Protein chains: 2
Amino acid sequence: MPPHIPPTPPESRADSPEDGAEPRRRGSRKSAGGITLRDVAQLAGVAPITASRALNTPSAVSPKVLQKVRDAVERTGYVPNLLAGGLASNKSRLVAVVVPTVIGPVFQEIVHTLTETLAAAGYQVMLGQSGYENSREDALLEAIIGRRPDGVVLTGIMRSAEARKRLLASGIPVVETWDLTPTPIDMLVGFSHENIGREVARYLHAAGRKVVAVVGGRDERSRRRMDSFAQESAALGMAAGADVAMHHVTAPTTLGQGRKGLADLLERQPGIDAIFCSSDLLALGVMIEAQSRGIRIPEQLAVVGFGDLEFSRDLQPQLTTVRIDGTGIGQRAARFIIDRAAGIEVAERIVDVGFSIIRRESA
Amino acid sequence: MPPHIPPTPPESRADSPEDGAEPRRRGSRKSAGGITLRDVAQLAGVAPITASRALNTPSAVSPKVLQKVRDAVERTGYVPNLLAGGLASNKSRLVAVVVPTVIGPVFQEIVHTLTETLAAAGYQVMLGQSGYENSREDALLEAIIGRRPDGVVLTGIMRSAEARKRLLASGIPVVETWDLTPTPIDMLVGFSHENIGREVARYLHAAGRKVVAVVGGRDERSRRRMDSFAQESAALGMAAGADVAMHHVTAPTTLGQGRKGLADLLERQPGIDAIFCSSDLLALGVMIEAQSRGIRIPEQLAVVGFGDLEFSRDLQPQLTTVRIDGTGIGQRAARFIIDRAAGIEVAERIVDVGFSIIRRESA
DNA sequence: TTGAAAGCGCTAACAA
DNA sequence: TTGTTAGCGCTTTCAA
């Protein structure tokens with residue numbers, strides 16, 4: 001249905017469908033029929049650019065004009081076409097957010113925060129899923145670059161060097177998150193997976209644990225946590241340190257895998273008294289399996305998770321886990337992009353948000 | 001940094017920054033500096049429109065031209081500007097997906113499926129969060145309509161009638177999901193919350209339960225499930241049917257609320273032998289609380305969840321719950337929008353995907 | 001099958 | 001403070 005502008009004769013629209021009298025010029029074409037800035041300007045009795053200023057930089061326009069334009073917008077129900085605006089201004093106000101998958105609790109907090117924070121600043125989030133396995137990363141990249149976003153937030157990995165190079169070449173501001181790499185593409189908000197593994201090992205050692213093991217996802221970051229955990233465990237002289245069972249499950253991790261993980265582990269290495277899991281869901285699985293076998297936590301078995309999911313504090317026993325401040329990461333990342341768009345260059349492009357071990361009952 | 005086109009003299013670019021000799025015409029402006037279709041066309045020795053056809057409708061050009069254009073794309077690393085394309089063609093290949101929040105497991109599956117399915121068809125997902133509480137729905141709507149998406153998928157609620165009206169007026173295809181309303185804005189893929197409440201009551205009645213209660217979120221849909229559960233319970237003569245404890249927690253629901261819910265319930269109504277929870281997370285909380293009180297499930301207390309989260313089958317005991325096919329909903333919704341964009345009109349705009357009660361150990 | 005012209009709806013640049 | 005002009009990069013329309 002065509003839009004309805006209350007009391008204004010659309011007589012002077014150059015290509016208004018009404019003037020079928022004149023022969024159509026070669027190459028001319030009809031508009032989609034929506035209300036445009038031009039309609040608003042006409043109704044307000046100003047030039048289009050003035051209407052544009054009234055909407056985008058109200059301070060640059062007289063109060064009188066501002067009022068007239070706002071009235072016209074109100075009456076017509078005009079909604080600016082951001083595609084056109086983006087094309088003309090070379091600012092899309094769109095930010096691409098890439099996660100391996102939106103399923104699973106891991107990246108929820110960051111996606112939520114980014115969407116909310118950016119929306120408050122007038123940006124929209126375009127969601128991309130890279131998948132954990134090798135997939136068409138190049139197709140995703142093409143789709144992203146094609147939209148000319150004002151920023152890209154990468155959570156999880158951009159695997160191919162080719163993809164990283166193209167992203168860099170595109171000139172789009174990039175924020176990598178969830179890791180600390182020495183050579184980021186552009187900006188970085190993350191934390192050290194190695195440090196986490198090390199600190200958890202020390203924590204368990206200080207708690208007097210002797211035989212440690214891990215139940216971990218097989219994605220690269222999980223593996224790095226696990227490797228450094230194993231290394232530090234060995235260095236501290238914890239038994240089977242060099243022999244820590246790497247129990248690789250596919251990402252994203254599940255409770256069921258945690259149950260199975262503990263079962264397998266106990267079969268191979270009955271003396272285990274501490275387990276570091278690569279997610280809280282795995283940890284919950286370990287706890288349930290232990291419970292069903294009559295193994296007492298933490299007396300006989302200490303369990304440490306990763307992620308500090310919202311439910312972890314309410315488990316029985318409460319889960320000791322590693323907390324990552326996803327909200328903080330999201331806010332920093334958003335700030336990076338908003339600042340860059342505003343022409344503000346920050347001195348430090350790498351932020352380490354760290355982590356904390358939340359000490360509860362399970363370890 | 002300016003883009004680098006290997007061996008092609010950019011002599012004839014109208015506004016090339018190089019020709020600073022001529023005085024700048026009034027109103028002329030510099031391009032963003034990226035590689036455009038025009039550059040590709042020039043390199044391939046064809047007109048821009050021909051290059052455009054080679055990329056969008058390869059069958060409409062000769063194999064020779066196709067090859068030349070593809071070579072040129074390859075050499076330049078050209079990525080089409082979808083903002084410009086969208087403006088010209090009035091097709092944005094963007095779909096807005098609105099959920100109350102991306103936090104919490106409820107809408108993950110549908111967001112995941114939509115993102116993936118639509119990406120495969122060449123569409124990108126723009127994410128919007130409406131929030132559970134009354135919020136700036138109009139601002140969100142403005143942001144959505146401003147992008148001129150080829151479709152909007154609404155999950156959860158569009159509360160204000162004003163918002164619904166504007167969406168309708170915008171002419172954008174709309175798919176509402178997660179509910180069955182008699183008068184959808186446009187298209188609808190959902191299920192009946194009332195039926196779920198009723199069927200769960202019957203299920204528990206058939207299982208010989210006598211005193212039922214609910215632990216439920218306070219969002220509108222949860223309440224509808226709970227209300228019809230209460231009604232049917234009463235009709236079937238289950239004790240306290242008319243007196244079912246409505247235990248309203250704020251959405252999204254949490255495990256902790258489930259624990260507290262059971263605790264409160266037992267205080268008020270000790271004889272309860274069955275509980276219907278409005279989410280699996282609440283159900284898990286109820287189970288943990290029961291466990292910590294030595295209440296045996298299902299012998300003393302039957303528990304039914306909602307959502308069939310991935311972990312529910314691995315709990316101890318396995319959770320009986322209501323399954324909603326989020327993937328199916330996502331696929332149908334995507335299909336609706338893709339078809340509409342292709343001009344295919346479906347006869348039936350309302351799809352009821354139903355639900356199923358997954359019978360496991362807890363009830 | 002290819003191309004010339006025009007224009008999608010908006011804003012940058014310049015001028016008054 | 002307001003307006004004129006041109007053009008963002010692409011695709012539609014029409015013609016050859």
Side-chain angles (χ1 to χ4, degrees), chain A residues 3 13-16 23-42 44-66 68-69 78-93 145-148, chain B residues 3 13-16 23-42 44-66 68-69 78-93 145-148:
Chain A
R13 281 292 299 270
D15 313 286
S16 129
R24 258 270 179 70
R25 276 160 321 209
R26 179 178 210 266
S28 91
R29 67 215 280 213
K30 63 178 177 310
S31 102
I35 292 155
T36 70
L37 185 62
R38 186 186 162 131
D39 300 317
V40 170
Q42 209 160 75
V46 297
I49 183 64
T50 303
S52 170
R53 288 191 185 111
L55 297 175
N56 298 317
T57 48
S59 63
V61 106
S62 69
K64 204 171 138 186
V65 165
L66 183 56
K68 282 195 294 182
V69 171
Y78 169 69
V79 179
N81 184 330
L82 298 175
L83 257 50
L87 178 60
S89 68
N90 205 28
K91 286 171 173 54
S92 64
R93 301 193 84 73
I145 296 177
R147 298 269 173 208
R148 305 294 191 267
Chain B
R13 282 292 299 268
D15 312 285
S16 129
R24 258 269 181 69
R25 277 158 323 209
R26 179 180 209 265
S28 94
R29 65 213 282 211
K30 62 179 177 310
S31 100
I35 293 156
T36 70
L37 186 61
R38 185 184 162 133
D39 299 318
V40 171
Q42 210 160 75
V46 297
I49 181 61
T50 303
S52 171
R53 289 192 185 110
L55 297 175
N56 297 318
T57 47
S59 62
V61 301
S62 67
K64 204 170 137 184
V65 164
L66 182 55
K68 283 196 295 184
V69 171
Y78 169 70
V79 180
N81 184 328
L82 298 175
L83 257 51
L87 177 60
S89 67
N90 206 28
K91 286 172 172 56
S92 64
R93 300 193 82 75
I145 297 178
R147 298 270 172 206
R148 305 294 191 265

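Keep in mind the model is a prediction, meaning the values are calculated, not measured. Note on naming: letters A, B, ... go to the chains in the order of the sequence lines (proteins, then strands), and numbering restarts at 1 for each one.
- Closest approach to the L37(A) side chain among dG7(C), dG3(D), dT11(C) is made by dT11(C) (side chain taken as heavy atoms from C-beta onward).
- Nucleotides of DNA chain C nearest to A84(A) and K91(A) differ in position, and the one nearer the 5' end is that of A84(A).
- Distance, R93(A) CZ to dC10(C) C1': 15 Å, rounded to whole Å.
- Between dC8(D), dG3(C), dT1(D), one nucleotide has an atom nearer to the side chain of S62(A) than all others, and that is dT1(D).
- Looking at heavy-atom distances under 4.0 Å, P48(A) makes no contact with the nucleic acid at all.
- Distance OG/S62(A) to CZ/R53(A): 11.5 Å, rounded to 0.5 Å.
- For the atom pair K91(B) NZ and L83(A) CG, the distance stands at 13.0 Å (nearest 0.5 Å).
- With values rounded to the nearest 0.5 angstrom, I145(B) atom CD1 is found 12.0 Å from N81(A) atom CG.
- Looking at the side chain of V65(A), the nearest of the listed nucleotides dC10(D), dT2(D), dC8(D) is dT2(D).
- Between the CZ atom of R38(B) and the C1' atom of dT11(D) there is a distance of 16 Å, rounded to whole Å.
- We find that NZ of K68(A) is positioned 15 Å from P of dT1(D), with the value rounded to whole Å.
- Distances were taken from every side-chain heavy atom of T50(A) (C-beta onward) to each of dC8(C), dA4(C), dG3(D); the shortest belongs to dG3(D).
- Nearest heavy atom pair, residue P48(B) against residue L37(B), reads O-CD2, 3.5 Å.
- Within residues 51-61 of chain A, the residues that place at least one heavy atom under 4.0 Å from DNA chain C are, in residue-number order, S52(A), R53(A), N56(A).
- Which of dT2(D), dT12(D), dT4(D) sits closest to the side chain of I49(A) comes down to dT4(D).
- As rounded to whole Å, 16 Å separates atom P of dC8(C) from atom CD1 of I35(A).
- Among the nucleotides dT12(D), dG9(C), dG9(D), the one closest to the side chain of T36(A) is dG9(C).
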| request: Take V69(A) and V40(A) through the test side-chain contact (heavy atoms from CB on, under 4.5 Å) and record every step on the way to the result. | output: CA-CA 7 Å; V69(A) 171; V40(A) 170; 4.2 Å; yes
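- Between the CG atom of L83(B) and the C1' atom of dT11(C) there is a distance of 13 Å, given to the nearest Å.
- Across every non-hydrogen atom of S92(B) and R147(B), the tightest pair is CB-O, 3.9 Å.
- In this entry the distance linking NZ of K64(A) with C1' of dT1(D) reads 13 Å, nearest Å.
- Distance, Q42(A) CD to dG9(C) P: 14 Å, rounded to whole Å.
- Between A84(B) and L87(A), the shortest heavy-atom contact is CB-CD1, 3.7 Å.
- One atom, OH of Y78(B), and another, P of dG9(D), lie 10 Å apart when rounded to the nearest Å.
- Comparing dC10(D), dC8(D), dG3(C) by their closest approach to the side chain of L87(A) singles out dC8(D).
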